[in-house]
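First the proteins, then the strands, lettered A, B, ... as listed; each starts at 1.
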Amino acid sequence: MAQKPSIPKGTRDFTPQEVTKRNYVFNIIKKHFEIFGFQPIETPSFENSDTLIGKYGDEGDRLIFKILNSGDYLNKVDEHTYNAKDVSTMTPKISEKALRYDLTVPFARYVVMHQNEINFPFKRYQMQPVWRADRPQKGRFREFYQCDADVVGADSLLQEVEFIQLYDAVFAELGLEGVNIKLNNRKVLAGIAEVIGAEDLLIDFTVALDKLDKIGAEDVKKEMTAKGISTDSIAKLEPLFTLSGTNSEQLSVLKNMLSSSKEGSKGVEELEFIIETVKKLGTLSAKLSIDVTLARGLNYYTGSIIEVAAPENVDMGSIGGGGRYDNLTGIFGLNGVSGVGISFGLDRVYLVLEELGLFPETINQTLQVLCLNFGEKEAFAALTLTTSLRKFGIKADLYPSDAKIQKQFKYANNRNVPYVILIGGKELEDNIFVVKNMETGEQITYAMSNTEVFVQKFKREIGF
RNA sequence: GUGGUUGUAGCUCAGCUGGUUAGAGCGCUUGAUUGUGGUUCAAGAGGUCGCCGGUUCGAAACCGGUCUUCCACCCCA
């Protein structure tokens, strides 16, 4: 009995068309990573559990895919643990490895392990899949690609400036207009918490604030109250709920509000420096805006927090994010090394481009010339021609069997091939070949002895 | 992890309060067309109705479980 095949929830197969489009995005991101001077590394798909567990908070731990030990792993569990049936004590005994949850923590591990051979400041990029045991939704998968660029060993805020330029360069080349690069700073958030007297509740406070867009000021206040933030404290937040206007208008409100907090003032200064410097270096095609409600990744970000929102006309969360973590490698024993980085969510960028129809029309021209097959002798001549076209870098192929011409044409149509070449008995005899333009239907005859005439015309028309 | 939602031909979907042989469009195959695709016409192939169980004389339809899809939480790219 044949079993009905399936793939795990939240995973996907990719068709040739999809892979082609994914590679298009992938290559543009990669190109700009390299233009900005980043070097590639790769790390294993799975890490030792203790490298990952505890680095993303309780919620993160829940979403890490654990790998069961090999062998007779249950036998090695002591009776007490076994009978207790408690996940948190049992898991470490039967699982010592886990799938990569993001690229940042493995990178921190990499830096610590290779600290003696790394030439600091180290700018690395990494484009690999990560796995999360999350419940899938649109734009949310259990296996997806992240494309990260990070710098370690550089404290300067100029890094942040460059990352904003990098985001902008990628989205500009992808033709994606209307993205919003949102900027915040943990010091600002900490400053606010300090000013309202809720330092201890920083995380709860920011998580609630993060929802302002979504659930509105009233519900945010309710959530804050539920988390134990006093009514007095919440009242002091009032300026934030109505914060709007240009970046400089927002900065001056924040400056005022945080004047009594040293840390908060520092954060405002940093925001101001980044925004001013980006402005001086030239215009961005994306929007760059301050957003004090932005609070992702707070478990390790210590300074800048960056998040990229998809254009407003598409329903997609963030398509990228990043920030600065002053002491990320500290958790692996290397202190005093600052890191800052950004990430592109490849799968989400893909979905946005698809929804807006922004992939180039020619992207699925995976074959540029198809030679039809009229029989054994003709096919040999056609393969000879195909071989020389390939040497010119043209994506060329010969139909593998002498099927009905109608069928071969249909195949060419479906493959989106712009040119079909016919070498039948007549052409073989006269030492010529006929090129049919599939769009216009025009047919031109060329001499076999001079394929370059066709190649030149082809290159002019296709443009490469 | 909580609550909801979806699943019928390769694809998109109809299928009435349970009733005989489960349909359409597109796609596919063949022919009109033995060297010319997209258009047209004709014919044809293709279905464990997601899976398992239950109710019933009778289930694609009702009930339970399970898997999957999408959505809202949680959290996140």
Let's test your reading of the model: under 3.5 Å, does the base of U69(B) pair with the side chain of R135(A) as donor and acceptor? no
Under 4.0 Å, counting only non-hydrogen atoms across every strand here, what does V308(A) touch: a base, just sugar-phosphate, or nothing? nothing
Shortest non-hydrogen contact between G228(A) and L201(A), atoms and distance: O-CD1, 3.7 Å
Rounded P spacing from U30(B) to U8(B) in Å: 28 Å
Comparing I215(A) and E307(A) on RNA chain B - which has the more 5′ nearest nucleotide: I215(A)
Please give the distance between the P atoms of G1(B) and A60(B) as a whole number of Å. 32 Å
Check every strand shown and say whether G322(A) touches a base, only sugar-phosphate, or nothing at a heavy-atom separation below 4.0 Å. nothing
Tell me what G139(A) touches on the nucleic acid: a base, only sugar-phosphate, or nothing, going by heavy atoms under 4.0 Å. base
Can you see which heavy atom on F205(A) is nearest to which on L189(A), and at what distance? CE2-O, 3.8 Å
No-hydrogen, no-angle side-chain donor-acceptor test under 3.5 Å, Y101(A) and E47(A): no
Which base sits across from U2(B) as a Watson-Crick or G-U pair, both distances under 3.5 Å? A72(B)
Using a 4.0 Å heavy-atom cut-off, does S318(A) contact any base of the nucleic acid, only the sugar-phosphate backbone, or nothing at all? sugar-phosphate
Whom does C62(B) pair with, Watson-Crick or G-U wobble, provided both distances fall under 3.5 Å? G54(B)
In terms of heavy-atom contacts, L103(A) and R124(A) come closest through O-NH2, 3.2 Å
Please give the distance between the P atoms of G27(B) and G37(B) as a whole number of Å. 16 Å
Readout for nucleotides 33-47 of chain B: B = base within 4.0 Å of protein heavy atom, S = sugar-phosphate only, - = neither; 5' to 3' it is B-BBBB---------
Say we look at G35(B) and C70(B): how far apart would their P atoms be, to the nearest angstrom? 49 Å
Rounded C1' spacing from U39(B) to C26(B) in Å: 15 Å
Side-chain atoms of P136(A) come closest, of A77(B), C28(B), C70(B), to C70(B)
C1' atom, G15(B) versus U20(B): distance in rounded Å? 16 Å
Both F344(A) and I7(A) contact RNA chain B. Taking the nearest nucleotide for each, which residue is further toward the 5' end? I7(A)
Is the backbone of V292(A) close enough, under 3.5 Å, to the side chain of N184(A) for a donor and an acceptor to pair up by distance? yes
For the residue pair F122(A) and F107(A), does the interplanar ring angle fall in the parallel (under 30°), tilted (30 to 60°) or perpendicular (over 60°) class? tilted
Considering every strand and a 4.0 Å limit on heavy-atom distances, what is the contact class for Q146(A): base, sugar-phosphate, or nothing? sugar-phosphate
Say you pick atom P in G7(B) and the same atom in G50(B); how far apart are they, in whole Å? 8 Å
In this structure, which one of V340(A), I274(A), I342(A), V188(A) forms a side chain to side chain contact (heavy atoms under 4.5 Å, CB included) with S304(A)? I274(A)
Does U21(B) pair with anything, Watson-Crick or G-U wobble, both distances under 3.5 Å, and if so, with which nucleotide? none
I'd like the C1' distance from U68(B) over to C49(B), given in whole Å. 16 Å
Just to be sure I understand the rule, does Y145(A) reach a base, reach only the sugar-phosphate, or reach nothing, if contact means heavy atoms closer than 4.0 Å? nothing
Check ion pair E18(A)-K21(A) (N to O, under 4.0 angstrom): no
